[in-house]
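As structure tokens, the structure follows; a few thoughts come after it.
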Amino acid sequence: MRYVSTRGEAAPRGFEDVLLAGLAEDGGLFLPESWPTLTPDEWRSLRGLPYAELSARLIHRFAGEALTLEELRGLTAEAYAGFRHPAVVPLVQLGPNEFALELFHGPTLAFKDVALQLLGRLFDHVLKKRGERITIVGATSGDTGSAAIEACRDREAVDIVILHPEGRTSDVQRRQMTTVPSPNVMNLAIQGSFDDCQDLVKSMFVDAPFRREMRLAAVNSINWARIAAQIPYYAYAALSLGAPDREVAVSVPTGNFGNVLAGWAAKRMGLPIGKFLIGSNRNDILARFLASNDMSAKPVEPSLSPSMDIQVSSNFERLLFELLGRDAGATARQMKDFRASGRMPVPDAAWREAAKHFTGFTLDDAGTLAEIQRLHRETGYLADPHTAVATAAARALMPESRIPVIIAATAHPAKFPDAVQRATGIRPPLPPALADLHERPERFTVLPNDLGEVEAQVRAHARRNTADA
Ligand SMILES: *Cc1c(COP(=O)(O)O)cnc(C)c1O
């Protein structure tokens, strides 16, 4: 399996290189040269498998010669052994044809653990084989950081530096990152927005000498291996609910577009996913795009669902590349225009194609609280604010659906206890492993939104890498 860049200027690479590189040298994102597809019989044969096994078999389709199925089985078994539910990603029925796919039973209570617990092990496996080390650099609006740190803490071959927007993550999210005492972990609090953090990370990757010197790697959702690791849970849910013999729909609370892109990849692999509902808070660029081809960035506004406080959804570029018929030149031009002007008029045919598969939905904070309250009153279910945007989308856009709607439940309610308490009067407790989080000492460095200062900190932290460079 070879991977191509959405901007067409980087040479095609194999799975290992794509895993370690994250972003392509031309600033584009990697996608498989062609999509692996499964026949209906092949899909049926995967029904009922334990999650780790299902996951190994599907990811193997993307890993090609880089990893044997046996090696992948070992890694997925380890990655998912620590989840708090034996099904790993259980389905919980909320209504006649509404199912929450609970993706938050990993160590940091959010869906990113599903991919990152595997990614940390993939990095270690590949680096050991090569006798190399890397520095992982990432930006987070909340969950990616803690999930990445949990995946990489104490690993021999890895240093990790995570940038978060100062004061814009929840208390629990920040503490999950800053209370990890491992010497290979560094947290930088940037005086700016999440998009600023993401731009700093992108700039570090585009700075070729710095990137080589530090051996930078990414764990943000731009890393293809992360997308690949999110495909199996869509397959698990769809197969459990009757696919490939029955169509399903999916509702996803969306920020960087990584989670929904993985669902779309599952569709490209042959699963009958009819419609994708894309939930946004008031940072609604994707909803505006889908409704009226208005892709224009506005300032990021804080909301009750901070992991969706994003205006530039980095993974959208992968969809754009596909919508433009895999024309890398056109994709590169569109992305450069967007970066320069903050606007991107997508060609009409491409926009119509997008609107065929995806429907946007926006919910403000008051609506989110009302939805958490309604769900609890009617079903007893406690949803976090991100999940609630997706349940509301399913209600609004597919009421009385005849096909099962899979709702991505992306965070444990205890990760956002203030919102849940405001809506329901109930303060969901943290699971026992995190109960003393608020007593643990924190460690982080505050920095201005300045590339030079950030690079200096990364250089100081990644000394093991520079020492043997
Ligand atoms: C990251 C995150 C999202 C958004 O996922 P994307 O892949 O960025 O679209 C939604 N909800 C929660 C709880 C998250 O942590």
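What's counted below: heavy atoms across the whole structure, side chains too, no hydrogens, waters or symmetry copies. We count ligands from 1, going down the list as the structure has it; atoms in each ligand are counted the same way.
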Quiz item: According to the interplanar angle, ranging from 0 to 90°, do the rings of Phe358 and Phe257 count as parallel (below 30°), tilted (30 to 60°) or perpendicular (above 60°)?
Solution: tilted
Quiz item: So, is Gly255 polar-close to ligand 1, with some N/O to N/O distance under 3.5 Å?
Solution: yes
Self-check item: Atom indices of ligand 1, in the order listed, that fall short of 4.0 Å to a heavy atom of Asn256
Solution: 6 (P), 8 (O), 9 (O)
Quiz item: In a check of salt bridge (charged side-chain N to carboxylate O under 4.0 Å, His left out) between Arg282 and each of Asp309, Asp364, Asp365, which one passes?
Solution: Asp365
Quiz item: How many angstroms lie between CE in Met398 and CD in Glu98, if you round to the nearest 0.5 Å?
Solution: 10.0 Å
Quiz prompt | Side chains of Glu371 and Thr391, donor plus acceptor under 3.5 Å | solution = yes
Self-check item: Sole residue of His164, Arg443, Glu442 in side chain to side chain donor-acceptor pair (under 3.5 Å) with Thr178
Solution: Glu442
Exercise. Pull out every atom of ligand 1 sitting under 4.0 Å from any heavy atom of Phe111, numbered as shown with elements.
Key: 1 (C), 2 (C), 3 (C), 5 (O), 7 (O), 14 (C)
Practice problem: Looking only at distances, please establish whether an N/O atom of ligand 1 is found under 3.5 Å from an N/O atom of Thr410. | Solution: yes
Quiz item: Which atoms of ligand 1 have any heavy atom of Ala411 under 4.0 Å away?
Solution: 13 (C)
Self-check item: Contacting atoms of ligand 1, where contact means under 4.0 angstrom from a heavy atom of Gly258
Solution: 6 (P), 7 (O), 9 (O)
Self-check item: More than 12 heavy atoms from other groups under 6.0 Å of CZ on Arg339
Solution: no
Quiz item: Are any of the N/O atoms in Asn259 less than 3.5 Å from those in ligand 1?
Solution: yes
Practice problem: Can you sort out which atoms of ligand 1 are near Thr254, meaning under 4.0 Å from one of its heavy atoms? | Solution: 9 (O)
Exercise. Could you list which atoms of ligand 1 come closer than 4.0 Å to a heavy atom of Pro253?
Key: 4 (C), 10 (C)
Quiz item: At under 4.0 Å between heavy atoms, which part of Lys112 makes contact with ligand 1: side chain, backbone, both or neither?
Solution: side chain
Self-check item: Asn256 versus Gln198, side-chain donor and acceptor atoms under 3.5 Å
Solution: yes
